[in-house]
Structure formats: C-alpha cells, structure tokens
Amino acid sequence: TNPNPPPPHGPSRANYQFDHVIHQVRHPLLAIASAAQFIFQNDPNPMIYIMKNVSEVHLKPHENGLDPTSKRFLLAMRYWLHWNLLAEHSAHRTVQVEQLLEKIPELLEWMNIKNNTWNASQIPKDTNRRSDYLKNETIWTITWEQMAKLEPALCLTIAQLAERYGYASA
C-alpha cells in the first residue's frame, strides 16, 4: 500500500528529479497563524504527512499541559521553520509568495521559458483563502511577542530565517 496520504497532502516527491525547484515562502506570522487554525485541527491526514516528512513538528512532554490553541501555534511555528529549511535545501530559488506575481517574468527567464502571452490578471487572487473555510470564525493572528512567550529560542530562529528571506521581524 502507498504510505503517503492522498493528494493534496501527498505523495512524496522522493522519486522525482526536477529541473527547476522554486521554494515559495510566506510571511511567518501569516503562515503560522493559518497553519495553526487550519492544518493543526482534527483532520489526521495533514498531520500524518507532516510527521512523516518533518519529524521536528511535535510537542515536547512539558508542552502537553498547554491550552489547545497554544499547542497548535507551537506546532505551526515548528512546521514553518522546519518545512522552509527542508524546502530551501532542495530549491534552486526562494521567492516570497507576496512578491510572486512581480517575480514571474524573472522566473520565466531563469527557466528559459519564452512566454509572450503571460498576463498577471489571469492568475486568480482568491484561491485557497482562509475566509473561504470560515463559518463564523475569526481569522487567527499571532505576533512576534506572542511567539516569543510560547518558545523564545524558536521565535528567534524563525525571526532570523524570516529576515534571511527578506521579511522584517520584531
């Protein structure tokens, strides 16, 4: 049987060799809040995939007593950090998601793709919005200060990586 969960949470890329690998990174405060609210819920499929591929994403014994929201934020913090480290290791380029549209011409040139028909207006701006999944729930947010309270050393490491990716931190 296939050990990977079905799409969209799998399968493994282990058997693929890509000519161009682009690591898309999202601002940590936005990505961590989103992951805490949506990925680390009761659905086991994302967690199976994450635990299989990013073993650092787990709670430490002393964290088991935290409230459920804090646990989800800690998992999301570890996920953002370790997934991005894993992704950048395999990538040829790293691009901020927030700058992706303006970087597409540069990426097309880098991949030696001649495309005179590309038009940014053709790319949907509303795919996979958190608000699409919310009923009457507020979109979660987190600050650098809140992350530092949960795990100071982890927050510092995330801030350093975020700065390396071109994001401002606390």
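These values consider heavy atoms only, across backbone and side chains, with no hydrogens, waters or symmetry-generated copies. Numbers here simply count residues along the sequence, with the first being 1.
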**OP:** Taking salt bridge (charged side-chain N to carboxylate O under 4.0 Å, His left out) as the test, write out the residues that go with E63, two or more places apart.
**Re:** R78
Original post:
Name the one of Q146, M77, H27, Q37 that satisfies side-chain contact (heavy atoms from CB on, under 4.5 Å) with I32?
Top reply: M77
Subject >> Partner residues of Q96 under the side-chain contact (heavy atoms from CB on, under 4.5 Å) criterion, sequence neighbours left out >> reply: V25, E98, Q99, Y167
**OP:** Answer yes or no: does atom NE2 of H89 have more than 12 heavy-atom neighbours from other residues, nucleotides or ligands under 6.0 Å?
**Re:** no
**OP:** With sequence neighbours excluded, tell me which residues meet ring-ring contact (aromatic ring centres under 6.0 Å, His included) with H20.
**Re:** W110
Original post:
Considering residues at least two apart in sequence or located in another chain, which fulfil the side-chain contact (heavy atoms from CB on, under 4.5 Å) criterion with T157?
Top reply: L81
**OP:** Supply the atom-to-atom distance Q24 CD to R93 CZ, rounded to the nearest 0.5 angstrom.
**Re:** 13.5 Å
**OP:** Please identify each residue that fulfils salt bridge (charged side-chain N to carboxylate O under 4.0 Å, His left out) with E109, with sequence neighbours left out.
**Re:** none
Original post:
If you measure from CH2 on W80 to CG on L30, what distance do you get to the nearest 0.5 Å?
Top reply: 11.0 Å
Original post:
Rounded to the nearest 0.5 Å, how far does CG of L107 lie from CD1 of I22?
Top reply: 4.5 Å
Subject >> salt bridge (charged side-chain N to carboxylate O under 4.0 Å, His left out) involving K149 - partner list, sequence neighbours excluded >> reply: none
**OP:** Hey, could you give me the CD1/OG distance between I139 and S34, rounded to the nearest 0.5 Å?
**Re:** 8.5 Å
**OP:** Can you establish whether the number of heavy atoms outside K71 located under 6.0 Å from its atom NZ is more than 12?
**Re:** yes
Original post:
For the atom pair CD1 (I158) and OH (Y165), what is the distance rounded to the nearest 0.5 Å?
Top reply: 11.5 Å
